[in-house]
Amino acid sequence: MIPFSPARPGPRHPFRPVRSRPLRRPAVLAAAFCLVLAAVSGCGGGGSGKEGPVARQTHPGGHGQGAARGVPQGLPGMPPLLDPNDVYAADRPNALSPVVRNFPSRVYVPNTESDTVSVIDPKTYKVIETIPVGNQPQHVVPSWDLKTLWVNNDRGHTLTPIDPATGKAGKPVDVHDPYNLYFTPDGKYAVVMASMDRELVFRDAHTMKRMKTEPVSCLGVNHADFSPDGRYFIVSCEFSGELLKVDTARMKVIGQQKLPFDGAMPQDVKIAADGKTWYVADMMADGVWVLDGDKFTEPWLMPTGKGAHGLYVSRDSKSMYISNRGEGSISVLDLATRKLVKKWELPDGGSPDMGGVSADGKELWLSGRYNSEVYVIDTNDGHQIARIPVGAGPHGLAVYPQPGRYSLGHTGIFR
């Protein structure tokens with residue numbers, strides 16, 4: 001996200017700052033349920049956005065369905081982890097689900113100030129199509145079942161479905177204030193980050209019908225990630241510098257804390273491969289907060305670079321790429337040691353923001369938020385492969401397809 005500026009339509013944070021509040025202890029979760037491998041397909045039916053009966057299947061990916069021994073039971077209906085020690089075990093290079101295997105490889109770039117999505121062919125590094133969408137598109141989000149890409153038209157109060165098999169946009173679906181979008185690990189609900197409305201809105205993952213609204217007291221809910229068992233997720237609140245912990249099944253906030261930095265502005269949230277350590281980028285603290293999600297402890301700050309913003313895990317689960325939007329660099333974190341091992345500088349600077357890793361893991365794609373361009377970085381040595389002109393205000397671009405059995409949302413969090 002970007003802080004309020006005259007270039008952005010409408011104020012994003014017209015609220016007064018809130019004072020720090022004591023951490024609430026999470027409510028005790030119910031006893032473990034028996035594992036039910038039920039998931040839903042059809043999220044948008046390839047982009048129609050119409051309501052209707054939904055077919056069911058065990059997994060959207062149709063592969064890797066068995067759980068590894070020792071994997072704890074998770075949220076009922078959630079596909080089990082393949083590896084208890086690696087939440088990203090299903091995201092290995094080119095391990096594409098049968099659902100997406102025949103989709104053309106594309107990069108979808110939402111241009112917030114142009115109200116368009118630029119479509120890039122990653123083989124030629126050229127824009128091959130420009131799709132008109134709603135007002136202020138923020139992120140392009142893969143659906144849980146991998147069949148639909150949802151464009152979050154924040155100020156247009158709609159979601160535009162794109163069929164990744166054909167690249168065609170469908171009829172927009174009315175959804176109020178969809179700044180960002182996530183999906184519960186069981187595939188049952190879409191979670192709308194309604195930033196201006198100060199709400200987490202749980203909707204049917206297929207029809208987008210509102211099911212439950214959870215009001216929040218923090219300002220600017222924007223990014224999230226889920227625990228390995230799917231039973232909770234952590235949300236960043238950028239305008240009040242806070243974090244929320246949310247019980248997935250109960251759809252209820254169970255913890256809240258103020259970050260220990262004056263003017264904190266948390267952005268992307270990502271869990272480490274081991275499922276124990278959480279990272280939260282902070283564009284004002286110029287680094288990444290590190291915390292224990294289960295205990296929801298007070299985090300400590302790891303400085304990375306000016307304007308730390310996006311977090312992306314490598315295909316081998318060993319590294320995390322951190323985009324430092326304010327200085328035009330990418331920091332590389334070794335997840336095993338929690339040490340920063342490299343920093344890649346973009347030639348001629350830039351404003352690297354949100355994006356994703358290519359299916360083969362060899363490229364990192366990031367939008368240039370203030371430069372109307374997209375950067376392609378070689379993940380082997382960090383050199384810039386391409387710099388591609390797009391529309392104005394490019395933000396949450398999605399590289400698609402990517403490996404994984406199902407999507408938890410944002411620009412592509414796959415399990």
Side-chain angles (χ1 to χ4, degrees), residues 1-5 8 11-26 179-180 193 195-196 198 200 216-225 232-246 253-272 276-312 320-335 337-340 343 351-354 369-370 395 410:
M1 279 182 88
I2 58 175
F4 168 68
S5 68
R8 187 169 187 174
R12 287 283 301 160
H13 52 323
F15 308 101
R16 292 178 297 174
V18 296
R19 291 180 297 176
S20 178
R21 59 184 58 78
L23 175 64
R24 303 171 191 166
R25 290 188 180 276
Y179 175 74
N180 209 344
M193 298 290 157
S195 179
M196 290 293 288
R198 298 176 68 179
L200 300 176
V216 299
S217 61
C218 70
L219 309 180
V221 289
N222 59 3
H223 299 96
D225 200 358
Y232 72 85
F233 56 101
I234 291 177
V235 180
S236 59
C237 304
E238 70 165 333
F239 297 136
S240 57
E242 296 177 88
L243 300 178
L244 304 178
K245 185 173 182 178
V246 184
V253 175
I254 57 173
Q256 185 165 346
Q257 65 168 298
K258 185 87 170 176
L259 290 169
F261 181 88
D262 187 23
M265 209 169 195
Q267 304 295 312
D268 205 4
V269 179
K270 199 63 55 72
I271 193 170
K276 299 175 182 178
T277 307
W278 291 70
Y279 296 91
V280 182
D282 191 320
M283 64 183 289
M284 296 306 290
D286 297 336
V288 174
W289 296 102
V290 186
L291 72 154
D292 182 318
D294 289 350
K295 297 177 181 178
F296 204 48
T297 53
E298 180 177 299
W300 57 275
L301 183 65
M302 175 189 297
T304 61
K306 187 176 180 181
H309 207 82
L311 306 174
Y312 306 96
M320 180 179 288
Y321 309 117
I322 304 163
S323 62
N324 302 308
R325 191 175 73 183
E327 66 178 34
S329 73
I330 296 93
S331 296
V332 182
L333 172 68
D334 184 294
L335 290 172
T337 63
R338 296 186 191 172
K339 302 283 186 183
L340 294 170
K343 181 178 278 192
S351 51
D353 195 287
M354 293 291 173
R369 193 73 172 95
Y370 301 133
H395 195 196
H410 190 37

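This chain uses plain numbering: 1 for the first residue, then up along the sequence. Bear in mind the structure is a predicted one, so any value in this text is a computation, not a measurement.
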Can a salt bridge be assigned to the pair Asp353 and Arg325 using a cut-off of 4.0 Å between side-chain N and carboxylate O? yes
Measure from the side-chain N and O atoms of Lys258 to the backbone N and O of Ser240, and report whether any donor-acceptor pair falls under 3.5 Å. yes
So do the side chains of Cys237 and Asn222 get within less than 4.5 Å of each other, counting heavy atoms only? no
Between Leu333 and Tyr279, does the side chain to side chain contact (heavy atoms under 4.5 Å, CB included) criterion hold? Intermediate values first, please. CA-CA 11 Å; Leu333 172 68; Tyr279 296 91; 3.5 Å; yes
Identify the two heavy atoms, one from Arg198 and one from Ser217, that lie closest to each other, and give their separation to 0.1 Å. NH2-O, 2.9 Å
So, do Asp282 and Gln267 sit near enough that their side-chain heavy atoms are less than 4.5 Å apart? no
Sub-3.5 Å donor-acceptor pair from the side chain of Glu238 to the main-chain atoms of Ser236, do we have one? no
Main-chain N/O of Ala281 paired to Asp268 side chain as donor or acceptor, under 3.5 Å: no
Is the shortest side-chain heavy-atom distance between His309 and Ser351 below 4.5 Å? no
Would you please name every residue forming a side chain to side chain contact (heavy atoms under 4.5 Å, CB included) with Pro303, sequence neighbours left out? none
Okay, side chain of Thr297, backbone of Asp292: is any donor-acceptor separation there less than 3.5 Å? yes
Among Val235, Val246, Asn180, side-chain contact (heavy atoms from CB on, under 4.5 Å) partner for Val221: Val235
The reported gap from NE2 in His410 to NE2 in His223 (rounded to nearest 0.5 angstrom) is 4.0 Å
Taking the inter-plane angle between the rings of Trp289 and Phe261 on a 0 to 90° scale, is it parallel (under 30°), tilted (30 to 60°) or perpendicular (over 60°)? perpendicular
Between the side chain of Lys270 and the main-chain N/O of Asp225, is any donor-acceptor distance below 3.5 Å? no
Short question: side chain of Asn324, backbone of Gly307 - any donor-acceptor pair under 3.5 Å? no
Between the main-chain N or O of Gly328 and the side-chain N or O of Lys306, is there a donor-acceptor pair closer than 3.5 Å? no
Where the side chain of Thr304 meets the backbone of Ser331, is there a donor-acceptor pair that is under 3.5 Å apart? no
Checking Tyr232 side chain against Asp294 main chain: does a donor-acceptor pair fall under 3.5 Å? yes
Nearest heavy-atom contact between Leu243 and Phe296 is O-CZ, 3.8 Å
Taking Ser323 for its side chain and Gly310 for its backbone only, find out whether a donor-acceptor pair lies under 3.5 Å. yes
Of the options Val288, Leu291, Val290, which is the one that meets Trp278 in a side-chain contact (heavy atoms from CB on, under 4.5 Å)? Leu291
Might you work through the side-chain hydrogen bond (donor to acceptor under 3.5 Å, both in side chains) test for Gln256 and Glu242, ending with a clear yes or no? CA-CA 7 Å; Gln256 185 165 346; Glu242 296 177 88; 2.9 Å; yes
